Asker: 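Questions regarding the structure given below will be posed in turn.
What you are looking at is a predicted structure, and each value in this text was computed from that prediction instead of being measured. We name chains A, B, ... by the order of the sequence lines, and we start the count at 1 in each one.
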There are 2 protein chains.
Amino acid sequence: MRKARNVSPTPARERALRRLEDLCREHGERLTRPRRAVLATLLSARRPLSAYELLDLLRAEDGKSTAASVYRTLDFLRALGIVHRLESTRSFVLCEHLEGPHWVQFLICRRCGQVVEAEDERIAAATERLGQRLGFALDQRIVELTGVCEGCRASAACHWRPGAR
Amino acid sequence: MRKARNVSPTPARERALRRLEDLCREHGERLTRPRRAVLATLLSARRPLSAYELLDLLRAEDGKSTAASVYRTLDFLRALGIVHRLESTRSFVLCEHLEGPHWVQFLICRRCGQVVEAEDERIAAATERLGQRLGFALDQRIVELTGVCEGCRASAACHWRPGAR
DNA sequence: CTATATTTGATACAAAGTATCATCTGCGCC
DNA sequence: GGCGCAGATGATACTTTGTATCAAATATAG
């Protein structure tokens, strides 16, 4: 009766939840219902969600999430490295690189909203070098590249007007 | 009586205002009082300001700024490229590179709040390359690198506790 | 100086995020 | 399997950040 019926029990979902379980054990953190629920919801959305979109989806399931609890849980999952916040759109996505800590870059299509998570060695090296050159010991690197993806460029080509964004 | 008395008429201030004047003429935009005021305030603060910090400072001068007008003006100055928004701290800074359009990176010290604006050719090239590789025509690149600056590392060295942020 | 298209100021509101604290619960231990 | 309790949650209230609307004011071309 309280089960999440409209969240598909796909292999991807099982994998993500298992990963969360492992990470919690590894870090000596508790695996709780809201943590599972946020992860599963973010996974099944398959796109970035604002904290309040996420809140609405969670409430549809369990009825007792709040803004505070959603933000707390998102902070937790971010600390584990399995959720990222897109600063430029104030939204949250599931991390696509499930192995270890890493520096990622996001490419965001301003037409369709598609987000690609990349792990580019050259950018990692260049930012590290810049940090060193300017005397900074870096511990966080936000790289968000916005533009128009291939598909959108193709499909919008004939309707293109210079003024439009 | 209505003049901004506690804003120093430094050469830097004159230069920035002249630049704003030029840009407005160039783009066929109006040079208005709030636009000058926001620029001058941001300049004299010499650090990133949140929109509401800026609002408070402006109100101390003219008494009739509002959140809406501040955001409008910031959007305007950002479109001209002379103000940047730091996504990671939700604050606004005057651009340090006053010549032409450009891609910049920010280095932010999480201890003292110092912000350095860089224009690194390697990062520019690497991000462009990544965009091409993934089929994105990029038009905006947010690069914000957070860490601890040289001065703070030096001065905090003896008090350092691993747990502290 | 005048005409007018833009911008502003005022108001109200929406969205995003945080603080506090009593209650509940995951999980290590028996 | 059940107990105890550190740590997490839910509830509430609040702060910060950002937008929409529209009548009144004003920067600039002529």
Asker: With a 4.0 Å limit, can you tell me whether A:Y71 has a side-chain N or O closer than that to the phosphate oxygens OP1/OP2 of C:dT18?
Answerer: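 For C:dT18, neither OP1 nor OP2 has a side-chain N or O of A:Y71 closer than 4.0 Å.
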Asker: Write down the distance between CZ (B:R33) and P (D:dA27), rounded to a whole number of angstrom.
Answerer: 9 Å
Asker: Tell me which residues in residues 48-57 of chain B lie within less than 4.0 Å of DNA chain D, going by non-hydrogen atoms.
Answerer: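 B:S50, B:Y52 - these, ordered by number, are the residues of the stretch whose heavy atoms sit under 4.0 Å from the strand.
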Asker: Could you check whether atom CZ of B:R129 has more than 12 heavy atoms from other residues, nucleotides or ligands sitting under 6.0 Å from it?
Answerer: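 Count not over threshold, so no.
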Asker: Which sits closer to the 5' end of DNA chain C, B:T66 or B:F76, going by the nucleotide each is nearest to?
Answerer: B:F76
Asker: Take the protein atom CG of B:L74 and the nucleotide atom P of D:dT19, then report the distance between them rounded to whole Å.
Answerer: 11 Å
Asker: Consider only side-chain N and O atoms of B:E87 and A:S88, and report whether a donor and an acceptor are under 3.5 Å apart.
Answerer: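 There is no such pair between these side chains.
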Asker: Cation-pi between B:R35 and B:F76: NZ/CZ under 6.0 Å from ring centre and within 45° of the ring axis?
Answerer: yes
Asker: Using a strict cut-off of less than 4.0 Å between a Lys/Arg side-chain nitrogen and an Asp/Glu carboxylate oxygen, indicate whether B:R47 and B:E53 qualify as a salt bridge.
Answerer: yes
Asker: Need the bend value for the helix from C:dC1-D:dG30 to C:dC30-D:dG1: angle between end axes, 5 pairs each end, nearest 10°.
Answerer: 50°
Asker: Figure out the CZ/P separation between B:R85 and C:dA16, and round it to whole Å.
Answerer: 12 Å
Asker: Looking at A:R78 and A:D75, is there a salt bridge between them, counting it only when a charged N and a carboxylate O are closer than 4.0 Å?
Answerer: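 Looking at A:R78 together with A:D75, the answer is yes, because their closest N to O distance falls below 4.0 Å.
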Asker: DNA chain D: A:A67 or A:T73, which has the more 5' nearest nucleotide?
Answerer: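 Nearer the 5' end of the strand: A:T73.
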Asker: Do the non-hydrogen side-chain atoms of A:C109 and A:C152 ever get within less than 4.5 Å of each other?
Answerer: yes
Asker: Does B:R122, at its CZ atom, have more than 12 non-hydrogen atoms belonging to other residues, nucleotides or ligands within less than 6.0 Å?
Answerer: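 Not buried by this count: 12 neighbours or fewer within 6.0 Å.
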Asker: For A:L58 and D:dT9, give me the distance from atom CG to atom P, rounded to whole Å.
Answerer: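 Those two atoms, CG and P, are 12 Å apart.
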Asker: For a salt bridge (charged side-chain N to carboxylate O under 4.0 Å, His left out) check, start with the C-alpha distance between A:R141 and A:E128, then their side-chain angles and the critical distance, and finish with the verdict.
Answerer: CA-CA 9 Å; A:R141 317 183 200 190; A:E128 183 59 29; 2.6 Å; yes
Asker: Go through C:dT18, C:dG9, D:dG18 for me and flag the one nearest to the B:F92 side chain.
Answerer: D:dG18
Asker: Whether B:T32 contacts C:dT8 is assessed here as follows: a side-chain N or O lying under 4.0 Å from the phosphate OP1 or OP2. Is that the case?
Answerer: yes
Asker: Using heavy-atom distances to pick each residue's nearest nucleotide on DNA chain C, tell me which of B:E29 and A:R36 is more 5'.
Answerer: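 Whichever sits nearer the 5' end wins; that is B:E29.
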Asker: Run through B:L17, B:T41, B:T73 and flag the one making a side-chain contact (heavy atoms from CB on, under 4.5 Å) with B:R36.
Answerer: B:L17
Asker: With the criterion being N/O to N/O and under 3.5 Å, what pairs connect the protein with nucleotides 20-25 of chain C, and how long is each?
Answerer:
from   : atom 1 : to    : atom 2 : distance (Å)
C:dT25 : O2     : A:R30 : NH1    : 3.4

Asker: Take atom CG of A:D75 and atom P of C:dA16, then tell me their distance rounded to the nearest Å.
Answerer: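 So the two atoms are 16 Å apart, to the nearest Å.
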Asker: Below 4.0 angstrom, N of the basic side chain to O of the carboxylate: do B:D120 and A:R133 qualify?
Answerer: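 Yes, charged N to carboxylate O under 4.0 Å.
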Asker: So which nucleotide from D:dA11, D:dT28, D:dG18 ends up closest to the side chain of B:L31?
Answerer: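 In terms of side-chain proximity for B:L31, the closest of D:dA11, D:dT28, D:dG18 is D:dT28.
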Asker: Between D:dT9 atom P and A:D62 atom CG, what is the distance in whole Å?
Answerer: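 The distance from CG of A:D62 to P of D:dT9 comes to 12 Å, rounded to the nearest Å.
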Asker: I want to check one thing: is the phosphate of D:dG18, taken as OP1 and OP2, less than 4.0 Å away from some side-chain N or O of A:R90?
Answerer: yes
Asker: For the pair made of NE2 in A:H27 and C1' in C:dG26, what is the distance, rounded to whole Å?
Answerer: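 It is 18 Å, rounded to the nearest whole Å.
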Asker: Can you tell which of A:R19, A:R25, A:R18 makes a salt bridge (Lys or Arg N to Asp or Glu O under 4.0 Å) with A:D22?
Answerer: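 Answer to the salt bridge (Lys or Arg N to Asp or Glu O under 4.0 Å) test with A:D22 among A:R19, A:R25, A:R18: A:R25.
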Asker: OP1, OP2 of D:dA8 versus side-chain N and O of A:R35: anything below 4.0 Å?
Answerer: yes
Asker: Taking atom types as modelled and ignoring hydrogens, do the side chains of A:T146 and A:R110 form a donor-acceptor contact shorter than 3.5 angstrom?
Answerer: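 No.
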Asker: Take atom CD of B:E21 and atom C1' of D:dA27, then tell me their distance rounded to the nearest Å.
Answerer: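 To the nearest whole Å, that distance equals 13 Å.
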